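Just so we're clear, the structure is a prediction, and the values are computed from it rather than from any experiment.
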Amino acid sequence: MSSVDQIIAGIKKKIETLETGVSKQEVGTVVETGDGIARMSGLAGVQSGEMLTFASGAMGIALNLESDTVGAIILGDAAEVGEGDTVKRTGKVLQIPVGDAILGRMVDPLMNPLDAKGPIAADKDMYIERKAPGVMAREPVNQPLQTGIKAIDALTPVGRGQRELIIGDRQTGKTTVAMDTILAQKGTGIKCVYVAIGQKKSKVARITAKLEEAGALEYTTIVLAGSSESAALSYLAPYAGAAVAEYFMDKGQDTLVIYDDLSKHAVAYREISLLLRRPPGREAYPGDVFYLHSRLLERSCRRNEKAGGGSMTALPIIETQAGDLSAYIPTNVISITDGQIFLETNLFYKGIRPAVNAGLSVSRVGGTAQIKSMKKIAGKVKLELAQFRELESFSQFASDLDADTKAKLDRGARITEGLKQAQNKPLPASQQAAWIYFLTSGAADKLALADIGATEQKWYQYLTASKKELLKGMSETWDEKLENELKQAIKEFQQMQG
């Protein structure tokens with residue numbers, strides 16, 4: 001075959017395999033822009049939450065689907081998007097790239113690294129918004145998630161798959177409680193996600209350094225939408241954090257997510273909504289602000305084996321104004337969650353830290369999320385503290401107290417002192433239970449209040465040095481034999497102390 005014939009044969013082959021067709025792409029035009037919001041015309045088939053691409057390369061998310069225009073939030077530099085620019089549909093609802101390499105990293109809500117440690121390898125894309133598991137996919141919350149904080153693990157325990165609200169005024173130690181909980185997960189295999197919404201970058205940098213120093217960053221991801229960033233990123237941050245946790249939950253692992261804080265999330269959503277001209281509702285919030293948080297927190301659960309196993313525990317944080325639990329956002333989130341840890345300003349200023357108000361704090365999971373020894377021992381603490389609070393309020397008006405009332409007041413004061421705890425020093429559950437038994441058994445009744453803290457540390461040293469088997473037994477079960485051993489240990493310890 002001549003070279004001409006070869007060329008002709010090659011052309012014929014290419015003609016036979018040639019595929020012709022029309023590619024259809026929906027393109028719109030920006031008609032209005034400003035304050036991180038764009039309105040577009042010409043995108044008739046766009047989906048709610050779909051990613052859009054502007055001519056400048058900036059990304060957007062379609063939120064308002066109106067009869068003649070589409071309202072979208074702009075991700076990135078909004079100044080790059082102007083009127084008359086073209087905008088294209090991607091056909092994809094917002095997804096983020098997630099993988100095992102996300103642990104130990106600080107990222108923005110779109111998973112771009114913020115820690116100068118290089119790019120992050122992704123294993124799969126996760127939808128930022130996902131339908132919560134149904135009732136049949138869930139199982140009861142009955143495994144403890146230890147916070148390492150005596151006042152919480154004893155009185156308002158948290159279980160794996162639970163949603164426990166941390167609520168209180170600013171500067172009452174809400175973030176500290178969350179950080180201690182992350183530190184307490186060391187060695188448990190639980191993956192942690194800390195979502196900082198509208199927080200100062202300096203504060204998040206301090207938290208990161210603390211976690212790294214304690215060796216907790218290796219199982220933690222930090223999702224940061226800084227206070228200097230757009231409202232769009234603050235709005236997306238908690239959903240992105242939930243998607244990261246779901247990636248690990250889908251692998252059958254237990255996860256913990258902290259949303260710090262959802263008050264700022266609601267403010268960011270209000271800003272976006274009013275810019276998109278959604279009708280404002282109660283207190284200038286749109287009527288769907290309840291749905292904003294409910295669809296986020298409902299994603300937390302403990303799934304059964306048939307549904308893939310794994311759990312996602314949520315600790316949302318809400319900031320109150322002057323301790324007002326009856327305000328709009330606090331009541332919303334209280335009704336969505338399975339209990340709340342209320343941190344009171346007055347207690348904080350009295351030096352009771354963590355400043356947990358045992359009367360207003362509650363866990364709707366309760367003793368089922370405690371180890372057996374703590375469940376048995378902690379019931380007495382609740383009763384003693386309740387009696388103490390009641391008698392304390394009356395005793396300030398009484399000049400003369402009978403011996404029984406005085407004894408109950410003294411016991412309550414020592415329990416209150418004994419529940420104090422230094423920050424970033426989480427304790428194993430067995431040590432907590434042993435100390436609470438020490439307090440409620442009357443062993444601390446003759447101690448001066450100033451000596452309680454020092455005695456507690458000596459008690460832990462004595463137990464870890466001489467009673468390792470007792471502690472191990474208490475972490476697994478509770479029976480009369482163990483209780484007798486603990487009573488004997490208290491006697492020996494008191495003799496040593498003289």
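Remark: side-chain polar atoms of Ser335 are paired, donor with acceptor, to backbone N or O of Asn332 under 3.5 angstrom. Here the side chain of Arg39 pairs no donor or acceptor atom with the backbone of Gly71 at under 3.5 angstrom. Using modelled atom types, no side-chain atom of Thr172 and backbone atom of Glu344 make a donor-acceptor pair closer than 3.5 Å. Side-chain N or O atoms of Trp435 include one that pairs as donor or acceptor with a backbone N or O of Gly418 at under 3.5 Å. Panel note: side chain Asp153, backbone Gly148; a donor-acceptor pair is recorded below 3.5 Å. Formation of a donor-acceptor pair under 3.5 Å by the Arg105 side chain with backbone atoms of Ala101 is not found in this model. A donor-acceptor distance shorter than 3.5 angstrom exists from the side chain of Ser363 to the backbone of Pro157, with no hydrogens or angles considered. Looking at Gln370, its side chain does come within 3.5 Å of a backbone N or O of Ala154 through a donor-acceptor pair. Although no hydrogens or angles enter the test, the distance criterion places a donor-acceptor pair under 3.5 Å between the side chain of Asp108 and the main chain of Met111. Asp261 contributes a side-chain N or O that, together with a main-chain N or O of Lys264, makes up a donor-acceptor pair within less than 3.5 Å.
For residues 181-196, no residue pair satisfies the salt bridge (Lys or Arg N to Asp or Glu O under 4.0 Å) rule, not counting sequence neighbours. Applying the salt bridge (Lys or Arg N to Asp or Glu O under 4.0 Å) test to every pair with at least one member in residues 361-373, sequence neighbours left out, gives no pairs at all. Residue pairs meeting the salt bridge (Lys or Arg N to Asp or Glu O under 4.0 Å) criterion with at least one partner in residues 421-431, sequence neighbours excluded, do not occur; the list is empty. Legend: ring pair (Phe, Tyr, Trp, His ring centres under 6.0 Å) pairs involving residues 178-235, not counting sequence neighbours, sorted by first then second residue: Tyr235-Tyr239, Tyr235-Tyr269.
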Output, in order, the C-alpha distance, side-chain angles, deciding distance and verdict of salt bridge (Lys or Arg N to Asp or Glu O under 4.0 Å) for Glu483 and Lys376.
-> CA-CA 10 Å; Glu483 187 171 2; Lys376 192 72 178 170; over 6 Å; no
Test Asn64 against Arg278 for side-chain hydrogen bond (donor to acceptor under 3.5 Å, both in side chains), laying out the working first.
-> CA-CA 8 Å; Asn64 267 29; Arg278 288 181 176 178; 2.8 Å; yes
Taking it one step at a time, do Ile166 and Leu343 satisfy side chain to side chain contact (heavy atoms under 4.5 Å, CB included)?
-> CA-CA 8 Å; Ile166 302 171; Leu343 302 176; 4.1 Å; yes
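To the nearest 0.5 Å, atoms NZ (Lys150) and CG (Leu439) are separated by 8.0 Å. With values rounded to the nearest 0.5 angstrom, Ser273 atom OG is found 6.0 Å from Asp288 atom CG.
Side-chain contact check for Val107 versus Asn112: every heavy-atom pair is 4.5 Å or farther apart. When side chains are defined from C-beta on, Val193 does not count as touching Tyr259, because their heavy atoms never get closer than 4.5 Å.
Residues passing the side-chain hydrogen bond (donor to acceptor under 3.5 Å, both in side chains) test with Gln431: none are found, sequence neighbours excluded. Residues passing the side-chain hydrogen bond (donor to acceptor under 3.5 Å, both in side chains) test with Asp445 are Arg411, sequence neighbours excluded. Under the rule for a side-chain contact (heavy atoms from CB on, under 4.5 Å), the partners of Ala443 that lie at least two apart in sequence or sit in another chain are Phe438, Ser441, Ile490, Gln494. Taking Thr416 as the reference, Ile352, Leu385, Phe388 meet the side-chain contact (heavy atoms from CB on, under 4.5 Å) condition, with sequence neighbours excluded. Qualifying side-chain hydrogen bond (donor to acceptor under 3.5 Å, both in side chains) partners for Asn346, counting only residues two or more places apart in sequence or in other chains: none. In this structure, the side-chain hydrogen bond (donor to acceptor under 3.5 Å, both in side chains) partners of Asp254, at least two apart in sequence or on a different chain, are Arg160, Ser311. The side-chain contact (heavy atoms from CB on, under 4.5 Å) check on Lys201 picks up Leu224, Ser228, Glu229, with sequence neighbours excluded.
Salt-bridge check for Glu129 with Arg295: passed, with a basic side-chain N closer than 4.0 Å to an acidic carboxylate O. Note on Glu384 versus Lys408: no salt bridge recorded, every NZ/NE/NH1/NH2 to OD/OE distance being 4.0 Å or above. Taking the charged nitrogens against the carboxylate oxygens, Lys420 and Glu417 do have a contact shorter than 4.0 Å, which makes a salt bridge.
Exactly one residue among Lys124, Arg299, Lys251 makes a salt bridge (Lys or Arg N to Asp or Glu O under 4.0 Å) with Glu246. That residue is Arg299.
Ala232 and Ile74 get closest at one heavy-atom pair: CB-O, 4.1 Å. Residues Thr320 and Pro330 come closest through the heavy atom pair CG2-CG, 4.1 Å. Closest of all the heavy-atom pairs between Val333 and Pro316 is CG1-CG, 4.5 Å. Looking at every heavy atom in both residues, Ile37 comes nearest to Leu275 through CG1-CB, 3.6 Å.
Cation-pi geometry between Arg130 and Tyr127 is not satisfied (NZ or CZ under 6.0 Å from the ring centre, within 45° of the ring normal).
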Quick one: side chains of residues 174-185, donor-acceptor pairs under 3.5 Å with protein atoms, not counting sequence neighbours, listed by atom name and distance.
{"from": "Lys174", "atom 1": "NZ", "to": "Gly168", "atom 2": "O", "distance (Å)": "3.4"}
{"from": "Lys174", "atom 1": "NZ", "to": "Asp169", "atom 2": "O", "distance (Å)": "2.8"}
{"from": "Thr175", "atom 1": "OG1", "to": "Lys203", "atom 2": "NZ", "distance (Å)": "3.3"}
{"from": "Thr175", "atom 1": "OG1", "to": "Asp260", "atom 2": "OD2", "distance (Å)": "2.8"}
{"from": "Asp180", "atom 1": "OD1", "to": "Asn424", "atom 2": "N", "distance (Å)": "2.8"}
{"from": "Asp180", "atom 1": "OD1", "to": "Asn424", "atom 2": "ND2", "distance (Å)": "3.1"}
{"from": "Asp180", "atom 1": "OD2", "to": "Asn424", "atom 2": "N", "distance (Å)": "3.4"}
{"from": "Thr181", "atom 1": "OG1", "to": "Val177", "atom 2": "O", "distance (Å)": "2.8"}
{"from": "Gln185", "atom 1": "NE2", "to": "Gln146", "atom 2": "O", "distance (Å)": "2.7"}
{"from": "Gln185", "atom 1": "NE2", "to": "Thr181", "atom 2": "O", "distance (Å)": "2.7"}

